[in-house]
Amino acid sequence: MHMMPTIPRSFFDRPVLDVARDLIGATLLVDGVGGPLVEVEAYDETDPASHSFRGPTARNAAMFGPPGIAYVYKIYGIHWCLNFVCRPGSAVLIRALEPTHGLDQMRQRRGGLADRQLCSGPGKLCEALAIDRRHDHVPLDQPPFTLLAADRDHPIVTGPRIGITKGADTPWRFGVQNSPFLSRPMKG
DNA sequence: AACTTGATGGTCT
DNA sequence: GACCATCAAGTTC
């Protein structure tokens with residue numbers, strides 16, 4: 001039987017673009033609920049779209065913490081967003097996953113929406129996995145998180161990031177081509 | 001299929 | 001006071 005290895009913290013002590021690409025296909029679970037990542041975005045301190053661009057603040061403190069912890073923040077006063085912190089000032093925004101584990105809990109949390117809409121966006125994913133402020137700064141190699149390395153290759157496509165105004169042309173979005181679980185289709 | 005809009009509040013200037 | 005790393009429901013083509 002095939003066992004997907006747990007991702008070690010050292011995985012995140014690498015350039016953020018490498019980490020982002022390698023996260024596609026990795027399985028994220030929170031208390032056993034989740035599935036394989038199909039869409040992520042990279043952000044770093046040289047990037048005007050990044051929360052870290054203007055240096056540390058109370059909100060973005062986790063982005064300057066050690067590699068391999070979560071950075072969770074609230075956007076538009078409504079939705080939570082989950083990031084995986086890499087080297088200081090850099091992180092990967094977790095935008096979408098294919099829901100495979102704990103489907104009943106996800107459906108309940110998401111109000112009975114169709115399976116393809118359970119985790120097809122950063123705010124939706126956090127609602128489905130019940131991620132909130134409590135997860136900010138939490139190490140990704142400890143409960144409630146489980147992170148398992150990808151067990152096969154996926155056709156990865158890149159493109160511009162979503163929902164930003166600055167740095168809008170930087171192609172730091174990574175996704176599985178043609179996955180029905182993306183927040184929006186990838187071009188190409 | 002593309003677009004517009006209202007919800008709702010934290011963060012930073 | 002402006003700006004959001006969003007979502008879902010609505011309108012219009």
Scan nucleotides 10-13 of chain C against the protein and return all N/O pairs shorter than 3.5 Å with their distances rounded to 0.1 Å.
none

Strictly under 3.5 Å: I want the nitrogen or oxygen pairs between protein and nucleotides 7-9 of chain C, one per line.
{"from": "C:dC7", "atom 1": "OP1", "to": "A:P122", "atom 2": "N", "distance (Å)": "3.2"}
{"from": "C:dC7", "atom 1": "OP1", "to": "A:G123", "atom 2": "N", "distance (Å)": "2.8"}
{"from": "C:dC7", "atom 1": "OP1", "to": "A:K124", "atom 2": "N", "distance (Å)": "3.0"}
{"from": "C:dC7", "atom 1": "O4'", "to": "A:H79", "atom 2": "NE2", "distance (Å)": "3.1"}
{"from": "C:dA8", "atom 1": "OP1", "to": "A:R110", "atom 2": "NH1", "distance (Å)": "2.8"}
{"from": "C:dA8", "atom 1": "OP1", "to": "A:R110", "atom 2": "NH2", "distance (Å)": "2.6"}
{"from": "C:dA8", "atom 1": "OP2", "to": "A:K124", "atom 2": "NZ", "distance (Å)": "3.4"}

Taking only nitrogen or oxygen atoms into account, show me every contact under 3.5 Å that the protein makes with nucleotides 10-13 of chain B, one pair per line with its distance.
{"from": "B:dC12", "atom 1": "OP1", "to": "A:T57", "atom 2": "OG1", "distance (Å)": "2.3"}

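The phosphate of C:dC3 has neither OP1 nor OP2 within less than 4.0 Å of any side-chain N or O from A:T165.
At the heavy-atom level, A:I78 lies under 4.0 Å from base atoms of the strands shown.
Residues from residues 45-53 of chain A with heavy atoms under 4.0 angstrom of DNA chain C, sorted by number: A:A49, A:H51.
Here A:D115 pairs with A:R107 in a salt bridge; the nearest charged N to carboxylate O distance falls below 4.0 Å. A salt bridge does not link A:E127 to A:R109: none of the charged nitrogens lies less than 4.0 Å from a carboxylate oxygen.
A cation-pi contact, defined as under 6.0 Å to the ring centre and within 45° of the axis, links A:R59 to A:Y73. Remark: A:R9 fails to qualify as a cation-pi partner of A:F12 under the 6.0 Å distance and 45° angle criteria applied to the six-membered ring. With a 6.0 Å cutoff to the six-membered ring centre and a 45° limit on the axis angle, A:R161 counts as a cation-pi contact of A:Y43.
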Next item on the list: Give the C-alpha distance, both sets of side-chain angles, the deciding distance and a yes or no for ring pair (Phe, Tyr, Trp, His ring centres under 6.0 Å) between A:H135 and A:F145.
Entry: CA-CA 9 Å; A:H135 298 91; A:F145 291 111; 5.7 Å; yes
Next item on the list: Check the pair A:R14, A:D22 against side chain to side chain contact (heavy atoms under 4.5 Å, CB included), reporting the backbone distance first and the verdict last.
Entry: CA-CA 11 Å; A:R14 296 187 297 145; A:D22 293 346; 2.9 Å; yes
Margin query: Could you go through A:L129 and A:C119, starting from their C-alpha distance and side-chain angles, then the distance that decides it, and tell me whether this counts as side chain to side chain contact (heavy atoms under 4.5 Å, CB included)?
Written below: CA-CA 9 Å; A:L129 273 56; A:C119 300; 4.1 Å; yes
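Within the 4.5 Å cutoff, the side chain of A:L37 has no heavy atoms near those of the A:V176 side chain. Contact check for A:L29 versus A:V33: no side-chain heavy atoms found under the 4.5 Å cut-off. Looking at heavy atoms from C-beta onward, A:R173 lies in side-chain contact with A:I162 at the 4.5 angstrom threshold.
Atoms OH (A:Y73) and P (B:dG9) sit 18 Å apart, rounded to a whole Å. Taking atom CZ on A:R184 and atom C1' on B:dA1, their separation rounds to 13 Å, with Å as the unit. Between the CZ atom of A:R161 and the C1' atom of C:dT6 there is a distance of 16 Å, rounded to whole Å.
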Quiz: residues 181-188 of chain A side-chain donor-acceptor pairs under 3.5 angstrom, not counting sequence neighbours:
{"from": "A:S183", "atom 1": "OG", "to": "A:E39", "atom 2": "OE1", "distance (Å)": "3.0"}
{"from": "A:S183", "atom 1": "OG", "to": "A:E39", "atom 2": "OE2", "distance (Å)": "2.8"}
{"from": "A:S183", "atom 1": "OG", "to": "A:R95", "atom 2": "NH2", "distance (Å)": "3.2"}

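Note that the CG atom of A:L140 and the CG atom of A:L28 stand 8.5 Å from one another [nearest 0.5 Å].
C:dA5 has A:Y43 stacked on its base ring, the centres lying under 5.5 angstrom apart and the planes within 30 degrees of parallel.
Within 6.0 Å of CD on A:Q108 lie no more than 12 heavy atoms contributed by other residues, nucleotides or ligands.
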Item checked: Secondary structure string for DNA chain B (Watson-Crick or G-U under 3.5 angstrom, | for other-strand pairs) -> |||||||.||||.
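The closest donor-acceptor contact from the side chain of A:H79 to the backbone of A:G77 lies at 3.5 Å or more, if one exists at all. The backbone N or O of A:T46 sits less than 3.5 Å from a side-chain atom of A:D44, completing a donor-acceptor pair.
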